Amino acid sequence: MSILSGKNILLGITAGIAAYKSAFLVRLLVKNGANVKVVMTPSAKEFVTPLTLSTLSKNEVHSSFTNEDDDNAQWNNHVELGLWADLFVIAPATANTLSKMANGVCDNLLLAVYLSAKCPVYYAPAMDLDMYKHPTTLSSFSKLNEFGNIQIEATSGELASGLIGKGRMAEPEEIVKFIESDILKNLPLKGKKILITAGPTFEAIDPVRFIGNHSSGKMGYAIAEAAASLGAEVILVSGPVSLQIEHSLVKIIKVTSADEMYQSVHNHFSECQIAILTAAVADFTPANVAEQKIKKKDDSLTLELKKTKDILASLGKIKNKQVLVGFALETENEIENAKTKLLRKNLDLIVLNSLNDKGAGFKTDTNKVTIITKDNKIEPYPVKTKREVAFDILQHIIKQIHA
Ligand code: CTP
């Protein structure tokens, strides 16, 4: 999965031959999981049709302040479009539009959106070689870069005029790569490695039976995905669950038993700066695993269980500079019990979820947590999606890292 997944990307298209490549750019962005809307200058429509772009983006394409073909003409709200966008990418950006952007001209919808957008703005210039090096164009570049807009440099090659030189818009693949790495380098968890455990563990009784629990792994997987979207490299040690994550920054290590989870976590802990243990690890495991399937010959069966190793507590004992985060599922004296657990396991932060709360728990998509830090700050949250809870937890960790 790309860092662009789930992002709202507004693509601005201006009137240059390279506009035909914008259709590929829309497709690539959508393929990477982004929500794409297109705004184009009126003359850009002569280079690529709104029909192509709306079909590829699955969204209406806007090019004027009102829908002129519509008798009940509706106002296309440039402020709303600007606020909707997490990123505004203008590709191709002609010399004409760049000059207008640099000087605050606002004579079409795209420019009005540009003036009202609060998100990062990327622009990929496309023009003939002499236009590209003309002092006015260079002055537009430097003004826009001064405003904080981000230039995706044109490349050299054969231009629409037949001349050879610099001015070709970067290829859609290069534009996507550029934006991805630019986002990544500014992310708060860039350069950090995070170890996360998730899901249940299965403790074998015999070759076909096990002791397990109802953990779905949703919370741990949500944290892994959120951490990767904030730039972290994630090692996700997962018990048996049916979830999947496809993200270049997430490496999933599948384990089955508490002992395998313990081994795998210890193999990776020293290379990580943060560890978040969400797994519902079995507290007990059969003392002996029968080699053959146990037959039901008697009226009752007694299994001898032995305690598993507490993975979280074992990390608390050896942690160096790592931020260590645990979860606590409590049914009574919740805050007090969670605080005691935090101290006993030498944690920096504990996430308490109570079974008494509606919307919290194992299989739901929501959770209601209270985050308790080692300096005794207690922050209760309302019911939120597990994705939102994941970001709340990570925000706390980012604060601790930068404290
Ligand atoms: N945990 C772990 N290894 C275990 C048991 C628990 O890493 N063998 C971790 C869980 O992933 C969770 C935290 O410890 O982050 C809390 O586990 P929990 O079972 O609620 O608490 P315990 O310390 O086992 O205490 P109790 O069962 O008495 O509540």
Side-chain angles (χ1 to χ4, degrees), residues 194-204 210-224 227 234-241 243 252-270 272 274-287 305-319 322-357 360-362 367-374 386 389-390 392-394 396-397:
I194 304 193
L195 181 63
I196 297 171
T197 66
T201 63
F202 287 176
E203 310 302 319
F210 60 83
I211 301 172
N213 62 64
H214 289 299
S215 168
S216 64
K218 283 179 181 171
M219 193 62 245
Y221 275 65
I223 296 175
V234 178
I235 299 175
L236 175 60
V237 180
S238 170
V241 294
L243 302 172
I252 303 185
I253 300 173
K254 298 254 181 196
V255 296
T256 306
S257 66
D259 197 45
E260 280 172 27
M261 189 173 274
Y262 178 94
Q263 294 303 338
S264 178
V265 163
H266 277 269
N267 285 345
H268 295 283
F269 185 58
S270 62
C272 295
I274 300 160
I276 308 172
L277 273 58
T278 75
V281 186
D283 288 324
F284 291 93
T285 189
L305 301 179
K306 63 174 187 198
K307 233 182 180 168
T308 56
K309 290 183 206 146
D310 188 320
I311 305 171
L312 184 59
S314 71
L315 297 185
K317 284 194 185 117
I318 59 166
K319 81 169 180 177
Q322 287 99 338
V323 176
L324 185 58
V325 180
F327 270 66
L329 184 65
E330 304 291 344
T331 51
E332 55 179 352
N333 289 332
E334 293 148 356
I335 301 274
E336 280 322 303
N337 282 343
K339 275 189 191 170
T340 313
K341 214 168 268 181
L342 179 142
L343 281 176
R344 182 162 43 87
K345 299 194 186 191
N346 191 22
L347 311 180
D348 297 280
L349 197 142
I350 195 156
V351 183
L352 162 69
N353 32 149
S354 153
L355 265 193
N356 299 330
D357 285 321
F362 265 179
N367 208 354
K368 184 174 183 316
V369 303
T370 301
I371 296 180
I372 305 172
T373 58
K374 68 172 174 214
K386 286 189 171 165
V389 173
D392 288 339
I393 296 167
L394 291 168
H396 265 273
I397 295 172

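The shown structure was predicted, so the numbers you read here are calculated from the model rather than taken from an experiment. All residue numbers in this chain count up from 1 along the given sequence. Order of appearance sets the numbers: ligands from 1, and atoms from 1 within every ligand.
- At least one side-chain heavy atom of Ile252 sits less than 4.5 Å from a side-chain heavy atom of Tyr221.
- Side-chain contact check for Leu195 versus Val237: some heavy-atom pair is nearer than 4.5 Å.
- Of the polar atoms of Leu312, at least one N or O is found under 3.5 Å from an N or O of ligand 1, judged by distance alone.
- Side-chain atoms of Lys319 come within 3.5 Å of backbone N or O of Asn346 as a donor-acceptor pair.
- Near Gly326, with a cut-off below 4.0 Å to any heavy atom, the atoms of ligand 1 are 15 (O).
- Proximity of a side-chain donor or acceptor of Asn337 to a complementary backbone N or O of Glu332 within less than 3.5 Å is detected.
- Separating the CD atom in Glu336 from the NZ atom in Lys339 is a distance of 4.5 Å, to the nearest 0.5 Å.
- Ligand 1 has an N or O atom lying under 3.5 Å from an N or O atom of Ile311, backbone or side chain.
- Side-chain contact check for Lys309 versus Ser314: every heavy-atom pair is 4.5 Å or farther apart.
- Of the protein's heavy atoms, Phe327 O, 2.7 Å lies nearest to atom 16 (C) of ligand 1.
- For ligand 1 and Ala279, the ligand atoms under 4.0 Å from any heavy atom of the residue are 10 (C), 11 (O).
- Heavy-atom proximity to Leu329, at under 4.0 Å, picks out these atoms of ligand 1: 20 (O).
- Taken to the nearest 0.5 Å, the CG atom of Asp348 stands 9.0 Å off from the CD1 atom of Ile397.
- The heavy atom nearest to atom 18 (P) of ligand 1, out of those in Lys307, Arg344, Lys341, Met261, is found in Lys341.
- Ligand 1 places these atoms under 4.0 Å from at least one heavy atom of Leu277: 7 (O), 11 (O), 12 (C), 15 (O).
- Heavy-atom neighbours of Lys307 NZ from other residues, nucleotides or ligands within 6.0 Å: at or below the threshold of 12.
- Close contacts of ligand 1 with Thr308, meaning ligand atoms under 4.0 Å from a residue heavy atom, involve 8 (N).
- At least one N or O atom of Lys309, backbone or side chain, sits closer than 3.5 Å to an N or O atom of ligand 1.
- For atom 4 (C) of ligand 1, the closest non-hydrogen atom on the protein side is Val281 CB, 3.5 Å.
- For atom 28 (O) of ligand 1, no protein heavy-atom neighbour is present inside the 4.0 Å cut-off.
- When only non-hydrogen protein atoms are considered, atom 6 (C) of ligand 1 lies nearest to Lys345 NZ, 4.0 Å.
- At the top of the distance list for atom 1 (N) of ligand 1, counting protein heavy atoms only, stands Asp310 OD1, 3.9 Å.
- Distances shorter than 4.0 angstrom do not occur between any heavy atom of Ala258 and any atom of ligand 1.
- Side chains of Phe327 and Ile393 form a contact here, defined as non-hydrogen atoms less than 4.5 Å apart.
- Distance alone, capped at 3.5 Å, places no donor-acceptor pair between the Glu203 side chain and the Phe284 backbone.
- Contact annotation: for Asp283 versus ligand 1, heavy atoms closer than 4.0 Å belong to the side chain alone.
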